[in-house]
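Encoded as C-alpha cells, the structure appears first; notes follow it.
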Amino acid sequence: MDYHHRAIEKKWQKYWAEHHTFRVDNTSEKPKYYVLDMFPYPSGAGLHVGHPLGYIASDIFARYKRLKGFNVLHPMGYDSFGLPAEQYAIQTGQHPAVTTEANIKRYREQLDNIGFSFDWSREVRTSDPSYYKWTQWIFMRLFDAWYNRLSDRAEPISSLIAHFESHGSKDVRAVCDDDVRSFTAHEWGVFSAAEKQLELLKYRLAYLRESTVNWCPALGTVLANDEVVNGVSERGGYPVEQKKMMQWSMRITAYAERLLNGLATIDWPEPLVEMQRNWIGKSIGASVRFDVPTLGDGEYIEVFTTRVDTIYGVNALVLAPEHEWVSRLTTPGQQAEIAAYIAQTQKKSELDRMADVRAVSGAFTGSHAVHPLTGKDVPIWIADYVLAGYGTGAVMAVPSGDQRDYLFSTHFGLPIVAISDAQQLDGQADSTKEGRYINSDIINGLAYQEAVDVLIAKLEEIGAGKATINYRMRDAIFGRQRYWGEPVPVYFDGGLPKLIEEAELPLLLPDVDKYLPTETGEPPLGRSKGWKYRGEFEYELSTMPGWAGSSWYWYRYMDTQNSREFASAEAINYWRDVDLYIGGSEHATGHLLYSRFWNKFLKDMGYVPEEEPFKKLINQGMIQGRSNFVYRVLDAQGKGTNTFVSYGLKDEYRTIPLHVDVNIVSNDVLNLEKFRQFRPDFADAEFVLENGKYVCGHEVEKMSKSKYNVVNPDDIIDQYGADTLRMYEMFLGPLEQSKPWNTNGIEGVYKFLRKLWKLFHDASGNFAVSDTAPTKAEWKALHKIIKKVEEDIERFSFNTSVSSFMICVNELTDLKCNKRAILQDLTVVLHSYAPHITEELWGLLGNEPGTLSYAAYPAFNPDYLVESEFSYPVSVNGKTRTNLILPLDMDQPEVERAVLANEDVQRYLDGKPVRKVIFVKGRIVNVVV
RNA sequence: GCUCGGGUGGUGAAAUUGGUAGACACGCAAGACUUAAAAUCUUGUUUCCCUUAAAGGAAGUGCGGGUUCGAUUCCCGCCCCGAGUACCA
C-alpha cells in the first residue's frame, strides 16, 4: 500500500479527539511544562498558511516534551472580542456573537486539519460570559487597590483607608494623581462619603479621570497609544485627534520600575526587550522649580531635565502650547501672538505629524521666571517642540547643549552661552559631558558627575529641585466607546463610580438595536433600554479595551471550568507560569506589557506566585505573500488585449502586469487551462510562451485576497497532507525570520515522507520490517538523528531538523535498512514533526494499540557515533589540497610524518621548507610553508 | 536620526566552539523505465579560466581594511535591505 495521507490523517485526528489523547491533568508525578501560543482573533477570512507557523513550532515542542516525560499543558482559545466583528455588525446588523461563533467554528476546523495536540477541553473565549466574568472580577480588584511605594506593591484600598483614618494623608507614599489633598485623620473623619470616594479615586489602580485621549471619530472610540500609528488608527488608518474625556485608566506607571527590572529576568528576544525598555522610557535626571513671582508668591513652573549640569546655560523656559498655565502667563501685549500661535499649532499638528517636516516655531508669553541659582529673569516661551505629554510639559532651554534649544534660540535671537571648555558651538549645540564647566558659578572647573552632585545638593537645600526619575510610559486608557467588549462592572451613584456586587458578576453585555453611538454621542450600550443597575443607577457605558481579556488568559487555561475563581490556587501553584510562549513581535508594547502588568498586580494581591508570566518567549517571523503576475499585451491605443506574454519575453511588448492567483501557478509556470477558467474574460486568452511554458513574474507583498496570493492551509493539506505542511513550514527557514510563502519546494518534503513510508514497505507495497540486528552504519544513522533533533528542538532550530531527517532517511534508503530496531526509534523521533504518519507506522510496527504520543523519546548512545578514523582535510597555507584518512588516536608527530610523506602534499610544498604544522584532532591539518 | 535584525549559488537555505563554504531541498539539464505522460530512479548543477575529455588552475559568503597557520564566524570603517521608534528635554 502506498502512503495515503488523507485516510491516515483523518483516522488519527478522529482517534485523538475520541480518546481525548491530549487532555492533561493538574496533578502529575511528571514535571510540568506549559507551552502557550498567542491565541488568535477569529477573523472572517479564516487562516492562511502564515497563521499556523508559530502553532506548528509550539506543537512540535509540546509533543517533544511529552515524549521526554513532561506533563504538558498546551491549550488554545480565542481572543474573540474585537473591532472587525463589530464593524461587520454595524454593516449587516448581525449580532457580533453570531458571526464570532461562526468564525470560531471555521478556525477550529482549520486548526484540527493540521493535527495540533491542543487540550481542547480547556478552550477559552474572551467574549464568553463565563470567561469575562473573571476579566470583570480582576477589574474590580484593580479598582479596589492602590500602589504603596513604601511596600513597593499594590495593596487593597482598605489599607489606605485605614491609614487615612489613623494618620490622615501624612506619610502616604502612593502612586496617585497629582491633585491629591493633604488632610489630617480628623479631617478625613468629617469628609462626606462622596468626598472620601472622590479622594480615593485618585489612588485606585483602575480609576476614572479626565484625560487627553486619542479620539478616532471614524471608529467612534478612543485608542491606546500603541493602537495609533503615525497619527492614524492602526486598524483602518483613520485620522486620530486629541480630545479630553472622562476615561477609565489603569495605573500601569506604578509598575514602571518593576516592568523594567523584570526584563532582565526573562528569556525573551533582545529586540522585544529593547522595545519594552524604550516604551517604558526611563530617564534619570532632576526636576527644577522656576519661580514666577508675577503670578504670586510660591507660584512656580517645574521642568524636568536629564542635564541639570547645564542649568547655567538656560536662556528660556519653553512650555508646550497645551500647558495649562499658558493663559495665566500670557501678558496682555502678547495675547494676540500667543492665541495665533496656539491656533496655528492645533491646525498644524495633524498634518505635521504625517508629513514629518518640522520648522522652528514658537511665541513669547511676555512673562518671566526667576532662575533658581542666578536669580536672573528667564523669559517664558511656548513652542510645539515641547510635548505636553512628556515630563511636566515644560523644559529649560539650554541652547549650548541641546540641538532643539539651539535651533530655537538662533531662530528667535536668544543668547547662546557656552558652559563647558570642551564645547564647540560651530553652528550647532554640543551635548558633550567632557571638559570642565565655565560661566557656571558654583560648578566652574568641575567635571560632569561632580557638578551634578553639587547642583542636586544645592537645589535640594534651597528647595528648588531634586533628583527625579521620569518615565515615558503613560497610564493606559481602559475604555472604548464600543459595543463588542467586556462591560465595566461599575454604576454611577451621585456621579461617583461604584462597583456592582461581586455576586452579580458577570455583568452581561445587553442587547442593542444598533451597534452605533446614540444620538447624544453616548457609546452603543447607551441604546439599551432599561439597562440600569438595580433598575435605578446608570451603568458605565464604555466597554473594556481589546487587551483586557488577553491580559490574564494563560491562567484561565489552568482551570477553565472553575465557576468560583478565575483559577484555583492548586492549579495556579502547579502550573505557575508559561515555560514557552510563541507569538508575533507586533504585541511587544501592547499585550506583552499589559500582561506583565496584570500578572504583577495579581501577584501583589497574592493570587499568583510568579512575578513574570512568560519565562521564555519566541517570536515567529511573519509569513509574507509571494504574488505571481501575468503580462497582458497592450495594443497601439494602450488598451489591454487578450494576449499574455511569458515573463522572459515581456520586454519585447508593451505590457501591463496583472496579479494571477498563485494557486494556479506551479514553480512560476502558469496552468493555462486553469487561467482560462480564472476569470470569464480570460476564457479565450492567448499566450506567447517561452520553451513551451508560460512563466510568471513574482514579487513579495503582504498576503491578501486582493493580490491573489493567499494560500489556504486546507488546500495544501488536501494535496500533500498535514504532516507535509507542518514539516514544510518548518523547512522554510529559521522560525524567527520573516519570509515569503512559496509553495515551490513542498514536493521535497512530500517525497521525504513517501520515502520514509517505503522504508517500512517492500517493492509491492506490503508492510515488511526485519528483526535482524542492525549494522553499525544503521545504528549510526539512527543515533545521529536522535541527538540532532534533541539539540535542534532545544534551540528552536526546527528547519535544520527537517534537513537531518531527510539525510537520515536517504542514508537508511541507501543501506536498504528495514530493521525494526532502527525504524521503531526513528518513528518516535519524527513523531513531533509528522504526528499522523508516525502514529500509523507505530501501529503497523505491531506496538500495542493506542497512541504514540506518550512513548519515550529514544536515549542517545554516543558509542554508536565513535569513529576510529577521520578523513582529515589537509591544507597548505590555509588552502585545502587533499584529504587523508588517518586513525583518530594518532598524535601530532605521527600525523605530521604521514602528511608530509603524502605525495599530493609534497607536490604543493614544491620543495619549500615547512615552517609549522597545525593539527586539530578530528578537524584539520594545515601545513604552513 | 536612534535602536534592533539581516545581506551566502537561479531559489529557500546549512555551516552549533575560528577549522573542508554551499549540507538538505526546490528549480534546471541529461539519462533510465514507459507507446506516451505522471510517478520513480541515476548523474550533473557557485563563478571564471584551461581542456576533445580526464585532470588542473583561480576567485568566491554586501564593500574596504585588520587579527590569525586558518575568518560566513572575531575587530574597525562603510554600503544596502527590513523592523521598531522618533522633537522624550
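Chain identifiers are assigned alphabetically (A, B, ...) following the order of the sequence lines, protein sequences preceding nucleic acid strands; residue numbering begins at 1 within each chain.
Sorted by first and then second residue, the salt bridge (Lys or Arg N to Asp or Glu O under 4.0 Å) pairs with a member in residues 725-737 of chain A read D59(A)-R726(A); sequence neighbours excluded. The salt bridge (Lys or Arg N to Asp or Glu O under 4.0 Å) pairs that include a residue from residues 306-325 of chain A are R307(A)-D309(A), where partners are two or more places apart or lie in different chains. Identified under the salt bridge (Lys or Arg N to Asp or Glu O under 4.0 Å) test for residues 389-412 of chain A, with sequence neighbours left out: D402(A)-R404(A).
For the pair N744(A) (side chain) and N667(A) (backbone), a donor-acceptor distance under 3.5 Å is present.
The side chain to side chain donor-acceptor pair (under 3.5 Å) search around S803(A) returns none, not counting sequence neighbours. Partners of K780(A) according to the salt bridge (charged side-chain N to carboxylate O under 4.0 Å, His left out) rule, which considers only residues two or more places apart in sequence or in another chain, are E867(A). Scored by the salt bridge (charged side-chain N to carboxylate O under 4.0 Å, His left out) test, E811(A) finds K784(A) as partners (sequence neighbours excluded). In terms of the side chain to side chain donor-acceptor pair (under 3.5 Å) criterion, H587(A) has no residue partners (sequence neighbours excluded).
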Between protein and nucleotides 55-58 of chain B, what N or O pairs are separated by less than 3.5 Å?
from, atom 1, to, atom 2, distance (Å)
rG57(B), OP1, Y908(A), OH, 2.5

Any N/O pairs under 3.5 Å between the protein and nucleotides 18-29 of chain B? List them or say none.
from, atom 1, to, atom 2, distance (Å)
rA23(B), N1, S803(A), OG, 3.4
rA25(B), OP1, N810(A), ND2, 2.9
rC26(B), OP1, K751(A), NZ, 3.0
rC26(B), O2', G745(A), N, 3.4
rG27(B), OP1, N667(A), ND2, 3.2

Give each protein N/O atom lying under 3.5 Å from an N/O atom of nucleotides 2-9 of chain B, with the pair distance.
none

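Where pairing requires Watson-Crick or G-U contacts shorter than 3.5 Å, the helical stems of RNA chain B with at least three consecutive pairs are B:1-7 with B:79-85, B:10-12 with B:24-26, B:27-32 with B:40-45, B:46-49 with B:56-59, B:62-66 with B:74-78.
V386(A) comes within 4.0 angstrom of a nucleotide base, judged by non-hydrogen atoms across all strands. N799(A) comes within contact range of the sugar-phosphate backbone alone, with a heavy-atom separation under 4.0 Å but no base atom that close. Base engagement by L387(A) is indicated by at least one non-hydrogen atom pair under 4.0 Å involving a base atom.
Ring geometry, H5(A) versus Y750(A): the interplanar angle exceeds 60°, so the pair is classed perpendicular (tilted spans 30 to 60°).
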Could you encode protein contacts along nucleotides 43-51 of chain B as a string, one character per nucleotide from 5' to 3', using B for base contact, S for sugar-phosphate-only contact and - for no contact, with a heavy-atom cut-off of under 4.0 Å? ---------
